[in-house]
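Here's the structure, in structure tokens; my notes come after.
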Number of protein chains: 2
Amino acid sequence: MAAPLNGRARASIADVAARAGVSVGTVSNVLNRPERVSKHTRARVEAAVQDLAFVRNGSARQLRQGVPSVVGAIVLDIENPFFTAAARGVEDRLSRDSHTLMLGSSDEDPARQARLLQQFEEHGVRGVLITPPDETMTAIEQLRERGTPVVLLDRLSDHPDISSVSVDNVHGAKLAVRHLLDLGHTDIAFLNGHTSIPQCAERRQGARQALAEAGADPDSLVELTLSSLSSEGGSAAMSTVLEEHSEVTATFCINDMVALGALWSLRERRVAVPSGMALVGYDDVSFAPVLAPPLTSVRQPAREMGFRAADLLLGGGPAQQVVHRPELVIRTSTAG
Amino acid sequence: MAAPLNGRARASIADVAARAGVSVGTVSNVLNRPERVSKHTRARVEAAVQDLAFVRNGSARQLRQGVPSVVGAIVLDIENPFFTAAARGVEDRLSRDSHTLMLGSSDEDPARQARLLQQFEEHGVRGVLITPPDETMTAIEQLRERGTPVVLLDRLSDHPDISSVSVDNVHGAKLAVRHLLDLGHTDIAFLNGHTSIPQCAERRQGARQALAEAGADPDSLVELTLSSLSSEGGSAAMSTVLEEHSEVTATFCINDMVALGALWSLRERRVAVPSGMALVGYDDVSFAPVLAPPLTSVRQPAREMGFRAADLLLGGGPAQQVVHRPELVIRTSTAG
DNA sequence: ATGAAAGCGCTAACAT
DNA sequence: ATGTTAGCGCTTTCAT
């Protein structure tokens with residue numbers, strides 16, 4: 001039963017051909033265009049494939065015909081449910097065309113992103129879905145110019161040839177802060193990431209606009225800059241707020257993971273929410289409605305966004321910019 | 001500046017060689033063993049690489065030398081924070097050796113797993129990390145026999161040649177249910193997945209053992225079988241418990257996502273936790289401590305597990321079974 | 001319907 | 001130090 005593989009681990013198409021007593025071309029035809037092969041030989045070849053447990057060598061295949069079936073995706077943080085929900089949407093779309101997802105997390109680090117892009121390109125991926133961690137698009141544009149299609153995820157493209165699926169961040173942040181202002185809060189903290197991250201810059205803009213429109217001074221916003229948009233970052237930042245900005249009565253968090261961390265700190269210091277501190281998150285991830293207390297958050301359709309982005313990539317039509325409208329979901333963390 | 005690529009999108013090593021006025025072998029040497037090349041020519045080649053924006057063709061490279069730098073991983077559910085934390089651990093380890101992660105989610109479906117395995121194998125991955133959704137290991141063993149190393153993640157291997165990193169599920173479940181019994185609960189529901197999933201079978205065994213050891217009838221456990229180990233599944237199952245098993249005062253959930261869903265339902269029906277229903281989860285994911293109420297859960301070191309699994313895969317030493325010990329983290333969802 | 005053979009881009013062994 | 005070349009496994013003309 002063991003195959004005569006001359007020490008090689010995997011059977012090649014030549015091994016199959018030898019075993020079935022046909023040429024390699026015929027085996028290839030059985031694999032790719034079975035209708036061109038007679039019933040009889042097809043059966044013989046298929047038997048040989050079974051016997052040898054033959055598996056195609058994807059590298060050789062791709063080298064020859066250059067049609068990759070892998071799509072690369074780079075998200076900011078693989079532990080953020082917003083991005084895994086988006087990844088799930090991507091997978092939903094890819095599996096339709098039996099493509100595989102190669103997922104990487106840049107951890108908001110441009111250098112890590114560059115490394116991943118390089119690996120993806122060497123790999124010859126069919127295309128790349130990416131949430132860039134900063135404003136610079138040169139590496140991405142060059143990648144595209146060299147022939148790898150790119151779609152931006154959770155970031156509006158200003159390049160006419162690059163599609164994107166995003167959400168209006170300015171509007172989303174405005175909804176959040178306006179809500180806090182409507183509730184009577186005047187001293188509001190904003191736990192944000194570096195404004196080099198576009199989402200952070202845009203939401204900051206929205207937050208400040210909301211203040212301005214309400215006749216308040218945008219600079220009255222107490223801004224904290226987290227080095228990492230994670231629950232750990234949120235926890236540390238909220239501690240700072242409590243220690244150094246005791247006037248603050250409401251906090252807007254750049255995302256729900258940060259809000260989660262903020263809740264850790266508030267709980268630890270026995271600050272009641274919302275009476276001691278109102279809290280708004282962003283993304284409306286799955287756990288938001290059952291936090292203690294249920295978290296007010298700005299909803300983004302993560303899964304649909306991922307699906308759509310993958311669809312734009314595979315579809316290959318003209319570039320287009322899809323912009324979703326965010327929605328404020330009010331729960332007891334603000335209106336308790 | 002544009003390169004003479006004869007219509008091809010990407011520059012090849014031959015293009016670089018032509019531009020630099022050297023042979024392809026020399027270019028290859030600059031790329032792989034720069035010390036063998038004189039400073040002068042190296043500079044010329046590097047300039048050409050820059051000019052042409054040359055990127056290695058990974059397929060050709062792998063075809064030739066057969067050393068893949070991609071590791072495949074298949075988890076049960078990409079939206080479960082336990083698995084993304086594990087994936088993060090995997091990435092931590094892979095990035096040390098500049099390997100890339102190819103991540104797939106089987107969604108607990110053996111057919112999906114088979115498809116992913118096939119794609120990974122065709123791709124020629126360096127190895128596979130996998131949490132199998134059922135007991136059958138034939139596809140996995142065959143993959144290994146054909147030369148692709150495999151490490152089981154979150155599942156004990158009974159095959160001497162296959163390494164694994166797991167946690168003692170029987171013990172974990174026993175801790176959880178014993179805790180509920182200690183609190184005086186006698187009517188306990190267990191929101192479990194199909195027992196074809198090994199983790200589910202093992203935790204069921206632990207739950208029943210806890211009952212037996214306490215002198216109770218193991219069959220008194222009210223078992224619900226969810227088709228999906230997600231928050232949606234947990235929500236639906238908890239609704240059933242409330243409607244059809246009003247005697248139940250405590251529920252053990254197979255994981256924290258299910259517990260999250262259960263909380264949705266409890267909140268919707270205004271059942272207080274733990275007074276109306278005590279709740280225990282499994283995994284102790286990041287949001288567990290700040291749920292309403294904070295969730296008692298069985299902790300598993302997800303990130304370390306992923307790291308270790310990747311380490312075993314890349315290390316290539318003799319197969320070994322790493323078994324972690326779970327830990328019960330008691331919070332107010334049971335002992336409020 | 002089937003076979004023979006070229007060639008995808010790269011690496012490594014060998015030759016100079 | 002650099003060049004030449006075989007060949008990895010596959011797909012795809014072009015013959016037969």
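Naming convention: chains lettered A, B, ... in sequence-line order (proteins, then strands); numbering from 1 in each chain. If you're wondering where the values come from, they're calculated on a predicted model, not measured in any experiment.
Annotation: the terminal axes of the helix from C:dA1-D:dT16 to C:dT16-D:dA1 meet at 40°, where each axis is the rotation carrying the C1' atoms of four end pairs onto the next four (5 pairs per end, rounded to 10°).
Of the residues in residues 30-40 of chain B, those placing a heavy atom less than 4.0 Å from an atom of DNA chain C are B:Asn32, B:Arg33, in numerical order. For residues 117-126 of chain A, proximity to DNA chain D is found at no residue, defined as any non-hydrogen atom under 4.0 angstrom from a strand atom.
Residue pairs that meet the ring pair (Phe, Tyr, Trp, His ring centres under 6.0 Å) test with at least one member in residues 65-103 of chain A, sequence neighbours left out, do not exist here.
For D:dT2, the OP1/OP2 oxygens have a side-chain nitrogen or oxygen of B:Thr41 closer than 4.0 Å. Here A:Gln65 reaches the OP1 or OP2 of D:dT12: one of its side-chain N or O atoms lies under 4.0 Å away. Of the side-chain N and O atoms in B:Ser23, one or more sit less than 4.0 angstrom from OP1 or OP2 of D:dG3. Regarding contacts with the backbone of D:dG9, every side-chain N or O of A:Ser12 stays at 4.0 angstrom or more from both OP1 and OP2. For C:dT11, the OP1/OP2 oxygens have a side-chain nitrogen or oxygen of B:Arg56 closer than 4.0 Å. OP1 or OP2 of D:dT11 lies within a sub-4.0 Å distance of a side-chain N or O belonging to A:Ser28.
Not counting sequence neighbours, B:Arg115 has no partner by the salt bridge (charged side-chain N to carboxylate O under 4.0 Å, His left out) test. Listed by chain and number, the residues in a salt bridge (charged side-chain N to carboxylate O under 4.0 Å, His left out) with B:Arg93 are B:Asp97, B:Asp311 (sequence neighbours excluded).
Nearest-nucleotide positions on DNA chain C place A:Asn29 closer to the 5' end than the other of B:Arg64 and A:Asn29.
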